[in-house]
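So the structure is just underneath, and the comments pick up after that.
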Amino acid sequence: MAKDFPTRAENYAQWYNDLVIKANMAENSAVRGCMVIKPYGYAIWEKMQAALDKMFKDTGHENAYFPLFIPKSFFSKEASHVEGFAKECAVVTHYRLKNDPNGKGVIVDETAKLDEELIVRPTSETVIWDIYRTWIQSYRDLPLLINQWANVVRWEMRTRLFLRTTEFLWQEGHTAHATSQEAVAETEQMLNVYADFVENFMAVPVLKGIKSPNERFAGAVETYCIETIMQDGKALQAGTSHYLGQNFAKAFDVKFLSKENKLEYVWGTSWGVSTRLIGALIMAHSDDNGLVLPPKLAPTQVVIIPIWKTDEQLAAISVKVNEIKKNLQARGISVKYDDRDTYKPGWKFNEYEFKGVPIRLVIGPRDFENGTVEVSRRDTLEKATYQLQDIETKVEHLLQSIQDNLFQKALDYRESMTTKADSWEEFVDLLDNKGGFILAHWDGTPETEQEIKEKTKATIRCIPLDVKPEEGKCILSGKPSANRVVFARSY
RNA sequence: CGGGGUGUAGUACAGUUGGUAGUAUGCCUGGUUUGGGACCAGGAGGUCGUCGGUUCGAGUCCGGCCACCCCGACCA
């Protein structure tokens, strides 16, 4: 199954594509740009959902569900929002089909035209703020902290499995607050939740920052983001959190009476991460042998493979393994015991390595005699023989060690791929020959940012939250700059 | 929308000057195997993307259409 796919060095894009398909995570569907998420890929999404959902609830949010369809008129109420999304909206115009009178299948029934066309949501701000108007009257109704797990559709010109698909799954948080300060604090809190998740569960280090005006969410006052770096040196935006100010409150007339009995517009935020995270997870850690999954998100954390010659041997080994399995499960570790006799051990080793299972335990007749087990870790491909005694604790520690090692490796890589550029020549050279995050001075104007993008395809990924003041000159215009910003070519 | 490519068995591909379709892998059955992708034997599986044309005869030649993939343009 893992045979015949290119290495990262040979063809990174093809490596990624083949990995997704051959590891049974997803495949293309009949509709261009839409993917089928297969059980193994979906299991990772479920793990992500479970972790994030808990974090959202721990910070006081509740889940709800808003409709897929948005009346076209809602969409145009916030000017920059509609401008940002108009080019990629799917539109429902009719609600009925009929048999083709010429006998060629079915056709749209023109008599069933909708009075008002419906937009398939590319994001739900409009439909949600329209409802918030009716939910919010008083400061006592605030803050309103809602999240929804949903699918959205954005008609992208070019798609890639997980990274950019026409339809994708995500969560979108939408909150309303009595003050600007509170809304900003919420925006920052959720950015930190995302950073925490991506670093501690996905084992991918993030750079927290704010977007330049060009890259800002359509309708936001400020967009915060977490940026990650992939093994090919390209940046990938892993999540965004938006401070919406009163933009949507004004567009949808959402007001509340304050303690002082004054009628005021509420302050909003929205924030989201999507199935794109699965793409990031794959590209951050996987190698030329296949997937490498961090233990905290791996659908199966430990696979146990028996080796035997006789039925008696298998029976004896299975008794032992089932005991180990039970003890591991008692500690919350997901275990798969693969005692199929339809595949040979070697085949299974390759299979689970390709699928990125963090730890493999092998027990054969020799181990059974000696009270040992062979332990292999996916991240380093190292093998060792352990005594069976208290194997649960050893496995638990090893899982943590793999999780830590993956993060450290990714962090070291990011450090090595973060470079300062002080001249245009240096900047272009770094982009073409090294990639990664490039710290450079920018004069702060959208025109300069645009020109850099046109010349190099690099964009400002963010202005880091912890940016240090540093006098310098813009690498393009030479005008004065107060600090460096982060440039990269990105997904 | 531009540039490039591909449509033939579940999958990946081959198919010569036009003569009625093959290889690998996977699948099924039986047996031998099992500490890094096992072996032997037998077997099932294809309106060759689609529509039309040329021809005694088209996977192959000609034309139209469709779909998908890759690279761009586009993209919070």
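What's counted below: heavy atoms across the whole structure, side chains too, no hydrogens, waters or symmetry copies.
In this structure, Lys77(A) has no salt bridge (charged side-chain N to carboxylate O under 4.0 Å, His left out) partners at least two apart in sequence or on a different chain. Listed by chain and residue number, Asn192(A) satisfy the side chain to side chain donor-acceptor pair (under 3.5 Å) test with Lys208(A) (two or more places apart in sequence, or in another chain). Remark: Glu186(A) engages no residue in a salt bridge (charged side-chain N to carboxylate O under 4.0 Å, His left out) (not counting sequence neighbours). Residues passing the ring-ring contact (aromatic ring centres under 6.0 Å, His included) test with Phe427(A) are Trp424(A), Phe487(A), sequence neighbours excluded. Here His81(A) pairs with Phe75(A), Phe85(A), Phe217(A), Phe248(A) under the ring-ring contact (aromatic ring centres under 6.0 Å, His included) rule; sequence neighbours left out. Remark: Glu83(A) pairs with no residue by the salt bridge (charged side-chain N to carboxylate O under 4.0 Å, His left out) rule, at least two apart or across chains. Under the rule for a salt bridge (charged side-chain N to carboxylate O under 4.0 Å, His left out), Arg160(A) has no partner lying at least two apart in sequence or in another chain. Looking at residues two or more places apart in sequence or on another chain, you find no side chain to side chain donor-acceptor pair (under 3.5 Å) involving Lys394(A).
Where Asn214(A) and Thr159(A) meet RNA chain B, the nucleotide closest to each residue was compared, and Thr159(A) sits on the side nearer the 5' end. Residue-to-nucleotide proximity on RNA chain B shows that, of Asn17(A) and Thr123(A), the 5′-proximal contact is made by Asn17(A).
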If you restrict it to nitrogen or oxygen atoms, what contacts under 3.5 Å exist between nucleotides 8-10 of chain B and the protein, and what is each distance?
none

Tabulate atom names and distances for all N/O pairs under 3.5 angstrom spanning the protein and nucleotides 29-35 of chain B.
{"unit_1": "U34(B)", "atom_1": "O2'", "unit_2": "Trp308(A)", "atom_2": "O", "d": "3.4"}
{"unit_1": "G35(B)", "atom_1": "OP1", "unit_2": "Lys344(A)", "atom_2": "NZ", "d": "3.4"}
{"unit_1": "G35(B)", "atom_1": "O6", "unit_2": "Gly364(A)", "atom_2": "O", "d": "3.3"}
{"unit_1": "G35(B)", "atom_1": "O6", "unit_2": "Pro365(A)", "atom_2": "N", "d": "3.1"}
{"unit_1": "G35(B)", "atom_1": "O6", "unit_2": "Arg366(A)", "atom_2": "N", "d": "2.5"}
{"unit_1": "G35(B)", "atom_1": "O6", "unit_2": "Asp367(A)", "atom_2": "N", "d": "3.2"}
{"unit_1": "G35(B)", "atom_1": "N1", "unit_2": "Asp367(A)", "atom_2": "OD2", "d": "2.4"}
{"unit_1": "G35(B)", "atom_1": "N2", "unit_2": "Asp367(A)", "atom_2": "OD2", "d": "2.9"}

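Side chain of Lys457(A), nearest nucleotide from G36(B), C75(B), G72(B): G72(B). Considering only side-chain atoms of Met157(A), the nucleotide from C69(B), G37(B), A73(B) that sits closest is A73(B).
Applying the side chain to side chain donor-acceptor pair (under 3.5 Å) definition to pairs two or more places apart or across chains, those involving residues 315-325 of chain A are Ser318(A)-Tyr337(A).
In RNA chain B, consecutive stretches of 3 or more Watson-Crick or G-U wobble pairs with both distances under 3.5 Å are given as paired ranges: B:1-7 with B:66-72, B:10-13 with B:22-25, B:27-32 with B:38-43, B:49-53 with B:61-65.
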